Every structure is written in structure tokens, then in C-alpha cells.
Amino acid sequence: MAEDNGTGNKVDNIHGQPRKLPYQFIKDITNDFDEAQIVGRGAYGTVYKGTRENGEEIAVKVLQNMTGFDNKEFENLRRLKHQNVVELLGFCNESEKVVAEYNGKQVIAEKMHTALCFEYVCNGSLAEYISGN
Ligand SMILES: Nc1ncnc2c1ncn2[C@@H]1O[C@H](COP(=O)(O)OP(=O)(O)OP(=O)(O)O)[C@@H](O)[C@H]1O
């Protein structure tokens, strides 16, 4: 089923090879990165629970201070498929022009939106599981 996120970006089946996802799509499924959707925080950013129109849940890891996915870790993750490893469904790497202040002047700046989307695992973290919380 295709999902129209209101910008003309149709997002079909997201399973298979990890694919590039529009920023508008991850914004929509996380209710504009609503605090109530936060499921955790890691060293690289905040993880949100996103819900697609068809009810499918997705973990959206919004990465901070990243400009792209040219590192080895991402390439490995992209190829990895294993029953014990959460599946990478897609990634977002989109720039947006924003007005920012620089040296007291208003300038047009390019803001990068980078995120990784994984299958959602609903049993909490391993630490919580082991400690029985
Ligand atoms: N696929 C997922 N499904 C559900 N919750 C997740 C998922 N991925 C991460 N989380 C939640 O978000 C928290 C932070 O995850 P994240 O991967 O960002 O940090 P991390 O495990 O400390 O690794 P990193 O070193 O990459 O920061 C996890 O502890 C977990 O609670």
C-alpha cells in the first residue's frame, strides 16, 4: 500500500533493501517528533516510535551532527540481515534551507536531516530485560 504524506512523496513497501525515505515521511509518522514518541536515547541521537498509516511501528533514530552516511558502519548495517539483528529499513538524508543568524546577520543555511529507520522491537532494552524491569 502506498502512503501519501501530503507532499507527493509516496512511500510503498519499506521492506527489502534499506532505502532512502523522505524527511516528511519520518516527520509524519513520529507526529513531528513528538516527545511522547521518544523510546530512548543513545550516543548518536534520540529514538522515536513512528507509526505508519497501516499501523506498522518503526523505530526512527534521529542522528545529531551528521552530514551523511559515508561511513563503514552504515554500509555494514545496510547489508546485514540476521534474525538476531534489528533490520535497517531505511534512512533519511535530506537538506532543508532555513533562516539562521550568523555574525549578527540573517543568512540562509542548509540544515541536514539524518535518521535511520529500523524495525521496531517492543521488548525494551536488553539492560531492562536482564534486570527484570
Ligand atoms: N529498533 C528499536 N526498537 C525499539 N526501541 C529501540 C530500537 N532501537 C533503539 N531503541 C531504544 O532506544 C534506546 C537507544 O538506542 P540507541 O541504539 O540509540 O542507543 P544505544 O543502544 O546506546 O547505541 P548507540 O551506541 O548507537 O548510541 C535503546 O536503549 C532502546 O530503548
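For ligands, and for the atoms within them, numbers begin at 1 and follow the listed sequence. Computed from a predicted structure; not experimentally measured.
Within the 4.0 Å heavy-atom shell around ligand 1 one finds Glu119.
Atom OH of Tyr120 is separated from atom CD of Glu56 by 13.0 Å, given to the nearest 0.5 angstrom.
When the options Val39, Ile38, Val47, Thr46 are ranked by their closest heavy atom to atom 9 (C) of ligand 1, first place goes to Val47. Of the candidates Glu87, Lys61, Lys49, Lys61 brings a heavy atom nearest to atom 18 (O) of ligand 1.
Judged purely by atom type and a 3.5 angstrom limit, Asp34 uses its side chain to pair as donor or acceptor with the backbone of Ala36. Glu94 places a side-chain N or O within 3.5 Å of a backbone atom of Tyr23 that can act as its donor or acceptor partner. The backbone N or O of Ile108 sits nowhere less than 3.5 Å from a side-chain atom of Lys97 that would complete a donor-acceptor pair. Looking only at distances, no side-chain donor or acceptor of Glu101 sits under 3.5 Å from a matching main-chain atom of Gln106.
For Ala59, no nitrogen or oxygen atom sits less than 3.5 Å from a nitrogen or oxygen atom of ligand 1, counting backbone and side chain alike. Ligand 1 has no N or O atom lying under 3.5 Å from any N or O atom of Tyr120, backbone or side chain. Polar contact check, Phe118 against ligand 1: no nitrogen or oxygen pair lies under 3.5 Å apart.
With ligand atoms numbered from 1 in the order given, ligand 1 contributes 2 (C), 3 (N), 4 (C), 5 (N) to contacts under 4.0 Å with heavy atoms of Val121. Heavy-atom contacts of Arg41 reach the following atoms of ligand 1: 13 (C), 14 (C) (cutoff under 4.0 Å). Atoms of ligand 1 found under 4.0 Å from any heavy atom of Gly40, numbered from 1 in the order shown, are 12 (O), 13 (C). Near Ala43, meaning under 4.0 Å from one of its heavy atoms, ligand 1 places the atoms 27 (O).
Connection of Leu116 to Val121 is established within a shared hydrophobic cluster, with ILVMFWY side chains joined at heavy-atom distances below 4.5 Å, either directly or through further cluster members.
Using a 4.0 Å cut-off between charged side-chain N and carboxylate O, Glu96 and Lys111 make no salt bridge.
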